[in-house]
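Right, one structure below, let's go through it.
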Amino acid sequence: MKRFMTAAALMGALVLAPTAAQAQDKDIVETAVAAGTFNTLAAALTAAGLIETLKGPGPFTVFAPTDAAFAKIPAAALKALLADKEKLTAVLTYHVVPGTVLASQVVGMREAGTVQGGKIKIRVVRGKVKLNGRTTVTATDIKAKNGVIHVIDTVLMPPASMSGMKH
């Protein structure tokens, strides 16, 4: 019963989503850009050369950090990340899970394998989904024609052994 209530609460958090009909006509990139709060993510995807991939058939599940999430990274570190295509690609693909994984499924998972090759740890803490212990999912199930977006409040960093980065 608790898991059902948690899933229902998460699925009710569609604060940034366009209407279902609008979202179904757009791919993940178009849906994120239309929301207006993923400008840094769009710039990072462009710098990494991943726009066309996420416009592809998918399906993909993207844990999408907002502009505010990217703002938590010190400016010099963010600038360095955006300039290093290899590290940037590792970070961005760590946010993508193959397939469509809806909130009702996420709450029952302990981890999710990413396109980058690493795993994201998943826990439900006091009714909120936490990724890798620090990142909170703030909106869920924003559907696009090639997958789904879940909004997160902090940029996820892959394990240092898989990206060459410290987190």
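Side chains are part of it too, since the values below use all heavy atoms of this structure and drop only hydrogens, waters and symmetry mates.
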List, one per line, each side-chain donor-acceptor pair under 3.5 Å for residues 39-46, sequence neighbours excluded.
residue: Asn39; atom: ND2; partner: Asp67; partner atom: OD2; Å: 3.4
residue: Thr40; atom: OG1; partner: Asp67; partner atom: OD1; Å: 3.3
residue: Thr46; atom: OG1; partner: Ala42; partner atom: O; Å: 2.9

If I compare all heavy atoms of [X] with all of [Y], which pair ends up nearest, and what's the gap?
{"X": "Ile28", "Y": "Ile149", "answer": "O-CD1, 3.7 Å"}
{"X": "Phe70", "Y": "Pro65", "answer": "CE1-CG, 3.6 Å"}
{"X": "Leu102", "Y": "Val148", "answer": "CD2-CG2, 4.1 Å"}
{"X": "Leu156", "Y": "His95", "answer": "N-NE2, 2.9 Å"}
{"X": "His150", "Y": "Ala103", "answer": "CE1-N, 3.7 Å"}
{"X": "Ala48", "Y": "Leu92", "answer": "CB-CD1, 3.8 Å"}

### Task
Begin with the C-alpha distance, continue with both residues' side-chain angles, and end with the deciding distance and a verdict on side-chain hydrogen bond (donor to acceptor under 3.5 Å, both in side chains) for Lys130 and Thr136.
CA-CA 5 Å; Lys130 293 284 193 178; Thr136 302; 2.7 Å; yes
#### Entry: Nearest-0.5 Å distance, CD of residue Gln105 to CG of residue Asp141
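CG of Asp141 is found 8.5 Å from CD of Gln105.
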### Task
Look up atom NZ in Lys87 and atom OG1 in Thr89, then write down how far apart they are to the nearest 0.5 Å.
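If I round to the nearest 0.5 Å, the distance is 12.5 Å.
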### Message
My understanding is that only residues two or more places apart in sequence, or in another chain, count here; which of them pass side chain to side chain contact (heavy atoms under 4.5 Å, CB included) with Ala112?
### Response
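Expected list: Val97, Met109, Ile122.
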### Message
Between Tyr94 and Lys119 (side chain of the first, backbone of the second, donor and acceptor by atom type, cut-off under 3.5 Å), is there such a pair?
### Response
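Answer holds: yes.
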### Task
Spell out, as yes or no, whether a donor-acceptor pair under 3.5 Å connects the side chain of Asn146 to the backbone of Pro59.
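Such a contact is absent between Asn146 side chain and Pro59 backbone.
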### Query
Are any non-hydrogen side-chain atoms of Lys72 and Thr154 less than 4.5 angstrom apart?
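Lys72 reaches Thr154 side chain to side chain.
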### Task
Keeping to residues at least two apart or across chains, list the salt bridge (Lys or Arg N to Asp or Glu O under 4.0 Å) pairs with something in residues 54-65.
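Those involving residues 54-65 are Asp27-Lys55, Glu30-Lys55.
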